[in-house]
Amino acid sequence: MRFLRKFVLLALAAPLLLIGLLLVANAYERHRLNQRMAYWSLQMEQGLPPGATLSVAQEFFRVRGVRIHCQLLEEGLQSCSGREDEQYGWLPTWHIRFSLEFSGNALVIAERIALGVGL
């Protein structure tokens with residue numbers, strides 16, 4: 001009877017422990033994501049001012065390991081986007097995506113967005 005009681009307690013405790021570990025791991029990954037978002041905010045604020053040219057923006061992201069792709073929306077307007085290769089978390093998985101808009105050859109809007117995919 002004692003063995004059965006210990007087995008039942010273990011059977012109940014193991015899933016709770018696993019859920020706890022997953023929650024802690026997910027919180028850590030979310031913390032890493034927040035740190036990286038803060039890094040990108042500072043980098044973009046310092047190195048990518050409004051009015052920067054497309055070639056400056058491409059070089060800015062290239063040296064930081066991000067490739068951006070551009071498309072012409074209409075005459076004089078371009079939209080560019082890219083994402084960091086690193087992913088954060090498991091469920092959900094987060095990525096940092098960048099969105100840039102140019103009018104003529106001058107940067108108008110530069111954003112970084114955290115996108116989550118999963119539960």
Side-chain angles (χ1 to χ4, degrees):
M1 193 58 131
R2 282 176 99 189
F3 174 75
L4 184 59
R5 215 177 329 170
K6 286 182 182 180
F7 180 75
V8 169
L9 285 175
L10 183 61
L12 292 174
L16 293 176
L17 181 61
L18 182 61
I19 290 170
L21 287 173
L22 288 174
L23 289 174
V24 168
N26 197 40
Y28 171 73
E29 288 294 314
R30 184 62 192 214
H31 174 71
R32 284 185 55 229
L33 173 68
N34 290 339
Q35 284 183 319
R36 197 66 179 165
M37 291 290 284
Y39 163 82
W40 278 110
S41 289
L42 183 62
Q43 290 295 308
M44 290 172 70
E45 185 180 296
Q46 292 176 350
L48 203 58
T53 64
L54 177 58
S55 59
V56 167
Q58 287 174 327
E59 180 66 12
F60 171 84
F61 284 105
R62 187 192 65 76
V63 298
R64 289 162 179 83
V66 176
R67 186 170 173 198
I68 60 172
H69 305 278
C70 298
Q71 64 182 19
L72 189 61
L73 297 177
E74 57 184 61
E75 190 60 39
L77 292 177
Q78 282 193 53
S79 176
C80 301
S81 64
R83 76 177 178 110
E84 196 176 51
D85 287 336
E86 187 160 357
Q87 70 181 34
Y88 305 89
W90 296 284
L91 291 172
T93 300
W94 295 88
H95 295 275
I96 298 176
R97 182 177 177 276
F98 303 96
S99 177
L100 310 167
E101 291 186 19
F102 292 87
S103 178
N105 197 27
L107 179 65
V108 179
I109 298 172
E111 298 177 315
R112 90 281 180 273
I113 306 158
L115 293 176
V117 177
L119 297 176

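Nothing fancy with the numbering, it's 1 onward along the sequence.
- Closest non-hydrogen pair, A114 versus L33, comes out as CB-CD2, 4.1 Å.
- To the nearest 0.5 Å, the span separating CG on L23 from CZ on R30 amounts to 14.0 Å.
- Here the closest heavy-atom approach between residue I68 and residue C80 is recorded as CD1-CB, 4.4 Å.
- Hydrophobic clustering, with ILVMFWY side chains joined whenever heavy atoms are under 4.5 angstrom apart, keeps V56 apart from L107.
- The two residues S79 and L73 have their closest heavy-atom pair at CB-CD1, 3.7 Å.
- The hydrophobic clustering, which links ILVMFWY residues whose side-chain heavy atoms are closer than 4.5 Å, places L54 and I109 apart.
- Between the CZ atom in R67 and the CZ atom in R83 there is a gap of 13.5 Å [rounded to 0.5 Å].
- We find the CZ-CD1 distance between R97 and I113 to be 5.5 Å, quoted to the nearest 0.5 Å.
- The environment of OH in Y39 is crowded: more than 12 heavy-atom neighbours from other residues, nucleotides or ligands sit within 6.0 Å.
- L100 places a side-chain heavy atom less than 4.5 Å from the side chain of L48.
- Note that CD of Q35 is 9.5 Å distant from OH of Y88, once rounded to the nearest 0.5 Å.
- At least one donor-acceptor pair under 3.5 Å links the side chain of R64 to the backbone N or O of F60.
- With contacts defined as side-chain heavy-atom distances shorter than 4.5 Å, the pair L77/S103 qualifies.
- With values rounded to the nearest 0.5 angstrom, S99 atom OG is found 12.5 Å from R112 atom CZ.
- L18 belongs to a hydrophobic cluster whose remaining members, ordered by chain and number, are L22; membership requires side-chain heavy atoms of ILVMFWY residues under 4.5 Å apart, directly or through intermediates.
- A distance of 8.5 Å separates CD in E74 from CG in L72, rounded to the nearest 0.5 Å.
- No path of Ile, Leu, Val, Met, Phe, Trp and Tyr side chains, each step under 4.5 Å between heavy atoms, connects M44 with V108, placing them in separate hydrophobic clusters.
- Annotation for G89 and E29: closest pair N-OE1, 2.9 Å, computed over non-hydrogen atoms.
- Just one residue in the list E45, E84, E111 forms a side chain to side chain donor-acceptor pair (under 3.5 Å) with W40, and that residue is E84.
- In terms of the ring pair (Phe, Tyr, Trp, His ring centres under 6.0 Å) criterion, F102 has no residue partners (sequence neighbours excluded).
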